[in-house]
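Chain identifiers are assigned alphabetically (A, B, ...) following the order of the sequence lines, protein sequences preceding nucleic acid strands; residue numbering begins at 1 within each chain.
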Number of protein chains: 2
Amino acid sequence: MALTDDAIAKIRSMISSGELPPGARLPPEPQLAAQMGLSRSGVREAVKVLESARVLDVRRGDGTYVTSLAPRLLLEGLGVAVELLRGDTLLEVMEVRRMLEPVATGLAALRMTDAQLEELGQILADMRAAADDAEKLIQFDTAFHHTVIAATGNETLTSLLDGLSGRTLRARVWRGLIEGNAAHKTIDEHHAIYLALRSRDQLLAQASALMHVNTSEAWLRTVLAATAET
Amino acid sequence: MALTDDAIAKIRSMISSGELPPGARLPPEPQLAAQMGLSRSGVREAVKVLESARVLDVRRGDGTYVTSLAPRLLLEGLGVAVELLRGDTLLEVMEVRRMLEPVATGLAALRMTDAQLEELGQILADMRAAADDAEKLIQFDTAFHHTVIAATGNETLTSLLDGLSGRTLRARVWRGLIEGNAAHKTIDEHHAIYLALRSRDQLLAQASALMHVNTSEAWLRTVLAATAET
DNA sequence: GGGCGGCAAACGTCGGACGTATCTATAGTG
DNA sequence: CACTATAGATACGTCCGACGTTTGCCGCCC
């Protein structure tokens with residue numbers, strides 16, 4: 001494993017050292033191969049790994065470049081990782097959300113702009129209108145929480161929570177909610193969060209977010225228990 | 001990009017669907033290539049990507065297997081991602097720690113066992129004894145926080161916070177601490193956290209952890225400002 | 001000045017070859 | 001019978017060379 005992994009480490013080190021800043025262009029693959037003492041095949045594997053980690057951007061026919069290294073890119077991988085977590089560890093993920101999301105929502109109450117509140121109200125209305133379409137509900141739910149967290153202005157936090165709230169996880173929770181006729185109640189919870197944010201009430205925002213995550217966790221337990229029986 | 005990325009998606013989907021459970025063995029590369037309609041080179045790139053994400057475990061001379069998919073493996077990539085974050089976004093990371101670590105430490109106060117407390121006391125003693133060795137301080141600091149968070153029993157949370165407290169980030173903070181003659185004060189903060197945990201006092205643990213993260217953040221700001229001038 | 005076409009550069013994919021590590025089954029030995 | 005040593009098969013690691021396709025750019029033409 002030495003050669004290819006060494007190449008990965010070398011490229012990564014050139015980036016973190018500043019030798020290859022964001023936007024920089026790497027030498028062509030054959031030249032890079034010679035420079036690092038391995039074949040083009042090995043370089044391609046290394047580049048592919050860094051591309052999948054959103055560290056490099058490979059443009060066919062053009063060249064290979066370092067990305068912006070923005071957190072939204074580098075933390076994208078968290079989402080795919082969470083998608084592969086199994087059964088009980090999903091409850092661990094939910095516990096993390098339970099710890100993080102209320103505090104973050106409280107912070108959002110202090111920082112949210114009027115325009116963002118407006119947008120949030122629209123999403124809430126959309127959600128109410130889609131109360132019988134699971135697919136749309138999941139979509140608006142994702143947008144709602146993303147908008148709230150993004151209002152903190154912390155892109156790292158936003159990407160992290162986006163990743164923790166993977167699509168599969170959300171889908172499972174909403175499946176439980178709908179089958180348990182609890183979708184309406186959950187939409188009301190979103191409304192409570194919205195009202196707290198609108199009042200710029202940090203503590204209330206925090207509390208309402210905690211109750212909401214708690215509901216999600218409860219339904220996830222239900223769904224997981226039902227799945228385990230089968 | 002279609003072929004190799006398709007292969008990655010296919011393998012990942014076979015895993016998340018349960019067709020390839022943890023520990024399962026994949027077909028040999030040539031066979032896998034034929035099965036997915038591309039050359040062995042392409043398969044190797046796909047496998048390499050999943051190996052770097054700790055989804056697959058490639059054993060030379062033997063075969064390729066699905067890992068345990070434990071969160072400690074899948075979230076390992078978060079650490080390397082954080083290592084590549086630049087300047088100001090490190091403050092965002094610190095803000096996330098500021099939100100998450102106190103709550104997690106409070107939870108640890110409720111769940112920590114006597115044996116874990118004992119271990120924590122030992123690490124604290126080691127830290128005091130190494131008060132003039134930056135390298136060791138960083139090492140014991142890492143062990144201290146890892147032990148505290150691990151006491152929550154939530155492996156996902158532990159891996160997440162481990163990743164957020166990357167080695168480079170820690171090194172920068174401690175460099176500031178030592179140059180600013182604040183190492184001793186910081187060790188006292190660790191002691192305060194230890195005492196709170198020992199008293200099983202959730203709120204006090206939470207508060208002491210917040211003060212500690214706050215100190216780290218302040219010194220990180222100092223170091224970043226000094227770096228920016230140069 | 002702007003649009004069009006062709007050339008060169010660079011990545012995408014393929015096929016085959018050979019080296020090396022690992023596992024296993026077999027034969028041998030005490 | 002149990003254990004060891006060895007030979008073969010299996011599978012990944014690395015390299016090389018070739019060709020297709022895409023993209024960017026520059027010069028030509030209108």
Side-chain angles (χ1 to χ4, degrees), chain A residues 1-15 19-69 73 76-77 80, chain B residues 1-15 19-69 73 76-77 80:
Chain A
M1 298 226 226
L3 291 195
T4 299
D5 289 296
D6 280 356
I8 296 175
K10 279 181 190 170
I11 298 175
R12 195 147 39 200
S13 133
M14 282 192 286
I15 293 174
E19 186 179 342
L20 284 176
R25 177 184 177 152
L26 273 69
E29 286 171 357
Q31 185 178 333
L32 201 57
Q35 178 180 331
M36 314 187 97
L38 78 170
S39 70
R40 195 190 154 202
S41 321
V43 168
R44 280 192 56 76
E45 289 181 17
V47 168
K48 189 75 191 175
V49 166
L50 293 173
E51 185 198 16
S52 81
R54 298 293 184 268
V55 172
L56 296 181
D57 180 19
V58 180
R59 304 180 204 157
R60 182 174 186 180
D62 183 0
T64 302
Y65 302 80
V66 179
T67 67
S68 68
L69 301 180
L73 290 178
E76 203 181 293
V80 282
Chain B
M1 296 227 227
L3 290 197
T4 299
D5 289 293
D6 279 356
I8 296 175
K10 280 181 190 169
I11 296 175
R12 195 149 37 203
S13 133
M14 281 193 286
I15 292 174
E19 186 180 341
L20 284 176
R25 177 185 180 153
L26 273 69
E29 286 170 357
Q31 186 179 331
L32 202 55
Q35 177 179 331
M36 312 187 98
L38 80 170
S39 72
R40 196 190 150 200
S41 323
V43 168
R44 279 192 57 76
E45 289 181 17
V47 167
K48 189 74 190 174
V49 166
L50 293 173
E51 185 198 14
S52 81
R54 299 291 184 269
V55 172
L56 295 180
D57 180 19
V58 180
R59 304 180 203 158
R60 183 174 182 178
D62 183 359
T64 301
Y65 301 80
V66 179
T67 67
S68 69
L69 301 179
L73 290 178
E76 203 180 294
V80 286

Once you round it to whole Å, what is the distance between [atom2] of [N] and [atom1] of [X]?
X: A:Arg44; N: D:dC16; atom1: CZ; atom2: C1'; answer: 15 Å
X: A:Leu38; N: D:dG13; atom1: CG; atom2: C1'; answer: 11 Å
X: A:Met36; N: D:dC15; atom1: CE; atom2: P; answer: 13 Å
X: B:Lys48; N: D:dC12; atom1: NZ; atom2: P; answer: 13 Å
X: B:Glu29; N: C:dG16; atom1: CD; atom2: C1'; answer: 15 Å
X: B:Arg60; N: C:dG19; atom1: CZ; atom2: C1'; answer: 7 Å
X: B:Leu26; N: D:dC12; atom1: CG; atom2: P; answer: 9 Å
X: B:Asp57; N: D:dC12; atom1: CG; atom2: C1'; answer: 12 Å

Check: Is there a donor-acceptor contact under 3.5 Å from the side chain of B:Arg25 to the main chain of B:Asp62?
Finding: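 Here the side-chain-to-backbone pair exists.
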Notebook entry, point to check: Is a side-chain N or O of A:Thr64 found less than 3.5 angstrom from the main chain of A:Leu26, in a donor-acceptor match?
Noted result: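 No: the side chain of A:Thr64 does not pair with the backbone of A:Leu26.
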Notebook entry, point to check: Once you round to the nearest 0.5 Å, how far does CG of B:Leu38 lie from CZ of B:Arg44?
Noted result: 12.5 Å
Next item on the list: Establish, with yes or no, whether the OP1 or OP2 oxygen of C:dA10 is under 4.0 angstrom from a side-chain nitrogen or oxygen of A:Arg25.
Entry: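 Indeed, a polar side-chain atom of A:Arg25 lies that close.
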Check: OP1 or OP2 of D:dG13 less than 4.0 angstrom from a side-chain nitrogen or oxygen of A:Thr4, does that happen here?
Finding: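 Checking A:Thr4 against D:dG13: no side-chain N or O falls below 4.0 Å of OP1 or OP2.
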Note to self: Ignoring hydrogens, what is the shortest heavy-atom contact between A:Pro27 and A:Gln35? Give both atom names and the distance.
What the structure shows: CG-OE1, 3.9 Å
Next item on the list: Look at the side chain of A:Arg40 and the base of C:dG12, then say whether one donor and one acceptor between them are separated by less than 3.5 Å.
Entry: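 When only heavy-atom distances are counted, A:Arg40 does reach the base of C:dG12 through a donor-acceptor pair under 3.5 Å.
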Item checked: Residue A:Ser39, side-chain heavy atoms: nucleotide from D:dA11, D:dC15, C:dG15 that is nearest -> D:dC15
Check: Among D:dC15, C:dC11, D:dC12, which nucleotide sits nearest the side chain of A:Pro30?
Finding: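 Per side-chain heavy atoms of A:Pro30, the pick is C:dC11.
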Margin query: Base, sugar-phosphate or nothing for B:Arg59? Non-hydrogen atoms, less than 4.0 Å.
Written below: sugar-phosphate
Next item on the list: Indicate yes or no: does A:Glu51 engage A:Lys48 in a salt bridge with an N to O separation below 4.0 Å.
Entry: yes
Notebook entry, point to check: Closest nucleotide of DNA chain C for A:Ser41 versus for A:Gly63: which of these residues is on the 5' side?
Noted result: A:Gly63
